[in-house]
Participant: 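Starting off with a structure, shown below.
As the structure is a computational prediction, the values presented were derived from the model and not from experiment. Quick note: residue numbers are just sequence positions, from 1. Counting convention: from 1, in listed order, for ligands and their atoms alike.
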Amino acid sequence: MSGVGNPVESARQMAAAAQQQPTIWKHRHLLTLEDLTADEISLILDTAEAFSDVSKRSVKKVPALRGRVVANLFFEDSTRTRISFTLAAQRLSADVIDFTAKSSSVSKGETLRDTVRNIEAMGVDIIICRHGAAGATHLVAQNVSCSVINAGDGRHEHPTQGLLDIYTMRQNKGRVDGLKVAVVGDINNSRVARSNLHGLLKLGAEVTFVGPTTLVSRGFEKLGARVVHDFDSVIGEFDVINMLRVQRERISSNVFPSLQEYSRLFGLTNERLNRAKSDVLVMHPGPINRGVEMSGEVADGQRSVILDQVTNGLAVRMAVMFLCKQAGEADS
Ligand code: CP
């Protein structure tokens with residue numbers, strides 16, 4: 001029976017393919033892209049490409065994590081990341097448990113450390129954690145022996161979002177090296193911007209952060225980003241435009257006169273997009289504030305790959321869980 005039709009054989013082939021890569025994955029956790037090498041990021045993208053076939057089959061499952069337990073711990077709301085991790089774990093045949101802080105004993109004062117240690121004590125192999133505090137997932141990793149994957153920690157990083165963004169760029173452009181990528185909007189408050197920056201620079205792309213002075217600090221230049229405050233003066237340069245949501249929940253003061261003013265200067269409309277390269281990719285991590293950072297026509301238009309990003313997230317998360325679990329088992 002061929003590997004395509006036989007999920008057990010396919011999983012063996014994928015495991016063998018991952019092990020044959022010149023870069024051997026050694027990380028039990030994925031907490032940030034800043035700490036990874038270019039080869040390690042490429043290994044995740046290549047492994048995700050192998051896993052992307054699973055989602056195209058009539059039986060969307062391989063036994064790579066059969067008998068393992070994945071716990072989704074979300075201390076902040078989510079639609080895409082949470083469902084994507086759940087489906088990705090199920091496609092690897094893991095059992096999945098869902099934890100939502102709002103309906104848990106966190107409301108009775110239980111600490112993050114106690115919460116994760118109690119959940120691990122039930123036999124969990126991988127913890128997926130989203131938290132409002134930067135560094136919270138590092139704290140979790142320091143207090144458990146299972147694998148921990150960061151699903152977004154405050155303003156710090158959202159590594160699987162960065163990976164799926166880069167995967168989508170590579171899929172559509174055939175390369176990452178040399179791409180000119182704009183990340184536009186509320187950069188100061190964005191964990192997606194930081195993960196994009198670290199991952200893209202390592203793979204040889206040029207990253208420009210665009211937005212008002214109040215939302216894009218010059219300090220990012222020290223990390224390797226170009227900082228521009230006038231979108232219209234540079235829009236024609238880019239191969240990819242990744243638009244970010246204005247994160248009103250993380251903005252404590254008035255950083256622009258009004259949403260209308262923000263939208264007028266930085267919103268991606270068809271009129272503004274007509275001045276971009278004809279083959280530019282339009283991306284957004286979601287959720288979109290239609291009419292603020294992007295018009296509905298652009299979000300649903302021909303240059304948008306926003307739903308491809310969501311689809312690709314599954315394969316990327318399958319790859320990350322698979323690699324981290326393998327490394328954790330090799331370690332212990
Ligand atoms: N992109 C992203 O993290 O979306 P969610 O907040 O819905 O998970």
Side-chain angles (χ1 to χ4, degrees), residues 30-33 44-45 48 70-91 96-103 126-137 140 148-169 171 181-200 240-251 268 281-290 292-294 298-300 304-321:
L30 179 69
L31 305 178
T32 163
L33 295 191
I44 297 174
L45 302 183
V70 174
N72 257 335
L73 270 56
F74 278 68
F75 295 82
E76 267 193 345
D77 292 342
S78 167
T79 297
R80 279 146 292 271
T81 312
R82 182 192 182 112
I83 293 174
S84 180
F85 267 115
T86 298
L87 269 177
Q90 289 171 343
R91 286 185 186 177
V96 184
I97 55 170
D98 266 327
F99 164 97
T100 320
K102 281 173 194 152
S103 59
I126 303 176
I127 288 177
I128 313 299
C129 184
R130 168 170 289 190
H131 201 283
T137 54
V140 173
V148 178
I149 298 170
N150 182 0
D153 61 330
R155 298 176 173 86
H156 174 230
E157 275 221 42
H158 190 348
T160 59
Q161 181 69 45
L163 288 166
L164 74 88
D165 290 346
I166 297 168
Y167 182 98
T168 306
M169 293 176 207
Q171 180 184 56
V181 180
V183 185
V184 183
D186 181 9
I187 307 292
N188 288 354
N189 290 298
S190 176
R191 53 197 177 206
V192 176
R194 284 168 180 76
S195 288
N196 266 251
L197 179 69
H198 295 308
L200 285 166
V240 179
I241 300 177
N242 195 0
M243 301 298 296
L244 301 182
R245 182 172 67 90
V246 175
Q247 301 189 55
R248 281 174 269 186
E249 72 275 21
R250 298 194 210 283
I251 296 175
L268 197 56
L281 290 186
V282 173
M283 302 178 68
H284 193 301
I288 302 171
N289 289 317
R290 286 173 184 253
V292 179
E293 67 265 15
M294 177 181 283
V298 171
D300 303 328
S304 166
V305 290
I306 293 169
L307 292 179
D308 293 348
Q309 291 172 258
V310 178
T311 303
N312 292 335
L314 262 125
V316 163
R317 289 171 177 130
M318 287 170 81
V320 167
M321 285 190 280

Participant: Examine Arg130 relative to Phe74 and say whether NZ or CZ is less than 6.0 Å from the centre of the six-membered ring and inside a 45° cone about the ring axis.
Facilitator: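 No cation-pi geometry.
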Participant: Pick whichever of Pro285, Ser78, Ser84 has a heavy atom sitting closest to atom 8 (O) of ligand 1.
Facilitator: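 Looking at heavy atoms only, the winner is Ser78.
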Participant: Under 4.0 Å from a heavy atom of Gly286: which atoms of ligand 1 are those, numbered in the order shown and with their elements?
Facilitator: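 Within the 4.0 Å cut-off of Gly286, ligand 1 contributes 1 (N), 2 (C), 4 (O).
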Participant: Answer yes or no for Glu76: is there a heavy-atom contact with ligand 1 below 4.0 Å?
Facilitator: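 Glu76: no contact with ligand 1 (<4.0 Å).
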Participant: Would you say Gly152 touches ligand 1, if touching means a heavy atom closer than 4.0 Å?
Facilitator: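 The answer is no: ligand 1 sits nowhere under 4.0 Å from a heavy atom of Gly152.
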Participant: Just need the protein heavy atom nearest to atom 4 (O) of ligand 1, so name the residue and atom and give the distance.
Facilitator: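 The closest heavy atom on the protein side is Arg80 NE, 3.0 Å.
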Participant: Kindly say whether Asn188 contributes a backbone atom to a donor-acceptor pair with the side chain of Arg194 at under 3.5 angstrom?
Facilitator: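 Yes, the answer is positive, given that a donor and an acceptor are paired below the 3.5 Å cut-off.
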Participant: Donor-acceptor pair, Ser195 side chain versus His158 backbone, under 3.5 Å?
Facilitator: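 Judged by distance alone, yes, a pair lies under 3.5 Å.
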Participant: If you count the atoms of ligand 1 from 1 in the order shown, which ones are under 4.0 Å from a heavy atom of Thr79?
Facilitator: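 Taking each heavy atom of Thr79 in turn, ligand 1 has 5 (P), 7 (O), 8 (O) under 4.0 Å.
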Participant: Closest non-hydrogen protein atom to atom 2 (C) of ligand 1, residue and atom name please, with distance?
Facilitator: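 Heavy-atom neighbour on the protein nearest atom 2 (C) of ligand 1: Thr81 OG1, 3.5 Å.
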Participant: Quick one, Gln309 and Asp165 - any side-chain contact, counting heavy atoms below 4.5 Å?
Facilitator: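 Heavy-atom side-chain distance check passes, below 4.5 Å.
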Participant: Answer yes or no: is there an ion pair linking Asp300 with Arg290, defined by an N-O contact shorter than 4.0 Å?
Facilitator: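 Salt bridge flag = yes for Arg290 with Asp300.
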Participant: Is the closest side-chain heavy-atom distance between Arg191 and Gln161 below 4.5 Å?
Facilitator: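 Counting from C-beta outward, Arg191 and Gln161 never come under 4.5 Å.
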Participant: To which protein heavy atom is atom 6 (O) of ligand 1 closest, and what is the distance rounded to 0.1 Å?
Facilitator: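 Residue, atom and distance for the closest contact: Arg130 NH1, 2.9 Å.
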Participant: With a cut-off of 4.0 Å, which atoms of ligand 1 are near a heavy atom of Gln161?
Facilitator: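 Every atom of ligand 1 under 4.0 Å from some heavy atom of Gln161: 1 (N), 2 (C).
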Participant: Are the side chains of His198 and Glu157 in touch, meaning some heavy atoms are under 4.5 Å apart?
Facilitator: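 In contact.
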